[in-house]
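Reviewing the structure listed below.
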Amino acid sequence: MTYHAKSDFMRVMLERGFVADCTDYQALDEALIKGVVPAYIGFDATASSLHVGSLIQIMMLRWLQKTGHKPIVLMGGGTTKVGDPSFRADERPLLTDKEINENIAGIKAVFSSYVSFGDGENDAVMVNNAEWLDGLNYLSFLRDIGRHFSVNRMLAFESVKSRLDREQSLSFLEFNYMILQAYDFLELNRRYGCLLQMGGSDQWGNIVNGIDLTRRVLENQIFGLTTPLLTTSDGKKMGKSQDGAVWLNADMRSPYEFWQFWRNTTDADVGRFLKLYTELPIEECDRLGALEGSEINAAKICLANEITALAHGADAAQAAEATAREVFEKGGVGDDLPTLTLSRDDIGDGISIVQLFVKSGLSKSGKDAKRLIKENGAKINDQALTEAGRMITVDDLSDAIKLSAGKKRHALVVLN
């Protein structure tokens, strides 16, 4: 639908392409004009970092704060023990309390780059739903909350229906997830006056459940806003790259590799990604996105710089660009490349080049590395590598070795 927003937040969301659907555009817009609106997005702690698939939600919370409202980052310390079944073919592996708490600690580091936390009216807060879920009395919960849910309606939600239609098992544990997420919204409304839940469009059913539950129990009006499920123009899911997930934490994906992921954006996605993942004015995003031929490369560098500066700081973005220029334009090594450090014990009488490609992260497996070499996609010190059986000795590592997989992925191997 076409809705002309009056509030700054809704205007930004609509202009920049963040919105897939909203439960009530006009009423939410009016609430945003009246005063500070606390809004939340939930993140389950299934890993010690979020990846770029979550970046659209993180940017929503950033824009929410920039336009004068209050972001609530809800960590799923409780719901992670259940696992969200939405549009999954199988059950998530169950994590221990210790693993969940370690993951939450890692994820906290991500958010400090995007929103400011504190006690002010529109300062962000981070909340863990284990606070209210861990202590629930099962029978009381069933009586007080469970009675508001229709199993017929829950079975009709696409996230559940698609799993059942494929005759894939859906455990009773997972089936409870949508009730628990709905209860999160109720509790956040009760505790923090939270008026809005945001999330990907796969969360629509869960969000609507929370709105309905809060209306029934507290008689309060609250809202839901969803984003499109993003894929790249060639149909790939956001957050994945050739060598795995593109994590936001620097200890899991170096700033250089992060920068390189965005530098490799396909031409057709540049304008859209500039609007979603940077704060450049809309007009500039459109101008850069419309460039063609070799000029689009300047737009991709701008995209990579802007996103990396937000995630890791301006210095990291500049260092990554400088390294890329050194590696690609001058054929050099660059100071910021991912580095594999080996000891003499690691090398022994020699280590195979195939192992180095795997250990450096340039190949997923020995088979993958051998195929890369066979297809002439591997280089060592910018020279074509043709022998998969080549061994590297301690003497070979008197100077750093540069490995390359294709034209855009590189790593250094150094001796400790």
Side-chain angles (χ1 to χ4, degrees), residues 9-10 12-14 16-25 28 31-32 37-47 50-65 67 69-80 82-88 92 104 107 110-111 114-115 124-129 133 154 157-160 162-163 174 176-189 192 194-215 222-231 237-239 248 276-277:
F9 178 68
M10 284 297 286
V12 169
M13 290 295 99
L14 289 163
R16 301 186 81 95
F18 281 91
V19 180
D21 213 341
C22 178
T23 52
D24 191 329
Y25 284 92
L28 174 57
L32 289 158
V37 168
Y40 94 95
I41 300 177
F43 300 89
D44 278 344
T46 51
L50 299 174
H51 59 63
V52 300
S54 297
L55 196 51
I56 187 170
Q57 272 81 44
I58 296 171
M59 288 301 292
M60 288 177 92
L61 291 173
R62 181 175 172 84
W63 279 115
L64 185 84
Q65 188 168 53
T67 53
H69 303 283
K70 187 178 187 71
I72 299 173
V73 181
L74 180 68
M75 296 310 306
T79 41
T80 302
V82 175
D84 184 1
S86 297
F87 296 95
R88 284 182 62 87
R92 290 186 189 274
I104 288 174
I107 290 169
V110 171
F111 281 95
Y114 292 92
V115 296
V125 293
M126 183 171 276
V127 184
N128 187 339
N129 65 10
L133 295 181
M154 291 165 75
F157 281 116
E158 191 58 35
S159 57
V160 174
S162 61
R163 182 99 157 248
E174 293 175 285
N176 275 271
Y177 186 93
M178 66 174 70
I179 300 179
L180 296 177
Q181 185 170 324
Y183 186 65
D184 282 346
F185 205 173
L186 170 71
E187 280 296 323
L188 288 171
N189 180 252
Y192 296 92
C194 183
L195 294 181
L196 173 64
Q197 182 183 356
M198 302 183 290
S201 57
D202 60 335
Q203 296 299 312
W204 180 255
N206 292 332
I207 291 172
V208 169
N209 274 330
I211 292 169
D212 189 49
L213 178 65
T214 305
R215 178 183 57 78
I222 54 178
F223 308 97
L225 184 70
T226 59
T227 61
L229 285 184
L230 274 190
T231 57
K237 192 175 180 182
M238 278 302 293
L248 298 176
L276 290 170
Y277 300 119

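On a predicted model such as this, the values are computed, not experimentally measured, just so you know.
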- request: Could you please spell out the steps behind the side-chain contact (heavy atoms from CB on, under 4.5 Å) verdict for N206 and Y177?
  value: CA-CA 9 Å; N206 292 332; Y177 186 93; 4.2 Å; yes
- prompt: Would you say H69's side chain and L64's backbone share a donor-acceptor pair under 3.5 angstrom?
  reply: no
message: Can you confirm whether W63 sits close enough to R16 that some side-chain heavy atom of one is under 4.5 Å from a side-chain heavy atom of the other?
response: yes
message: So L248 and I58, do their side chains get closer than 4.5 Å, heavy atoms only?
response: yes
query: Are Y192 and V127 side-chain neighbours, meaning at least one heavy-atom pair lies under 4.5 Å?
result: yes
- prompt: Does T226 use its side chain to pair, donor to acceptor, with the backbone of D21 at less than 3.5 Å?
  reply: yes
message: Within the 3.5 Å criterion, strictly below it, is a donor on Q181 or T79 matched to an acceptor on the partner's side chain?
response: no
query: How about Y183 and I179: do any of their side-chain heavy atoms sit closer than 4.5 Å?
result: no
query: Do L61 and F111 come close enough that some side-chain heavy atom pair is under 4.5 Å?
result: yes
- request: Can you sort out the partners of Y114 under ring-ring contact (aromatic ring centres under 6.0 Å, His included), two or more places apart, ordered by chain and number?
  value: none
message: Do F185 and C194 make a side-chain contact, defined as non-hydrogen atoms from C-beta onward lying under 4.5 Å apart?
response: yes
statement: Separation between OG1 (T214) and CD1 (I222), nearest 0.5 Å, reads 3.5 Å
query: Would you call V37 and F9 a side-chain contact if the rule is heavy atoms closer than 4.5 Å?
result: no
- prompt: Considering only heavy atoms from C-beta outward, does the side chain of I107 approach that of V73 to under 4.5 Å?
  reply: no
query: Going through the checks in order, is the side-chain contact (heavy atoms from CB on, under 4.5 Å) test met by L225 and V19?
result: CA-CA 7 Å; L225 184 70; V19 180; 3.9 Å; yes
- line: Rounded to the nearest 0.5 angstrom, the CG-OG1 distance for D212 and T23 is 11.5 Å
Steps toward side-chain contact (heavy atoms from CB on, under 4.5 Å) verdict (Q57, M198): CA-CA 8 Å; Q57 272 81 44; M198 302 183 290; over 6 Å; no
query: Is there a side-chain contact (heavy atoms from CB on, under 4.5 Å) between D184 and Y40 once you walk through the steps?
result: CA-CA 10 Å; D184 282 346; Y40 94 95; 4.0 Å; yes
task: Verify the distance criterion only: is there a donor paired with an acceptor across the side chains of Q203 and Q197 at less than 3.5 Å?
output: no
message: Looking at G77, is its backbone amide N or carbonyl O close enough to the side chain of N128 to form a donor-acceptor pair, meaning the two atoms are under 3.5 Å apart?
response: yes
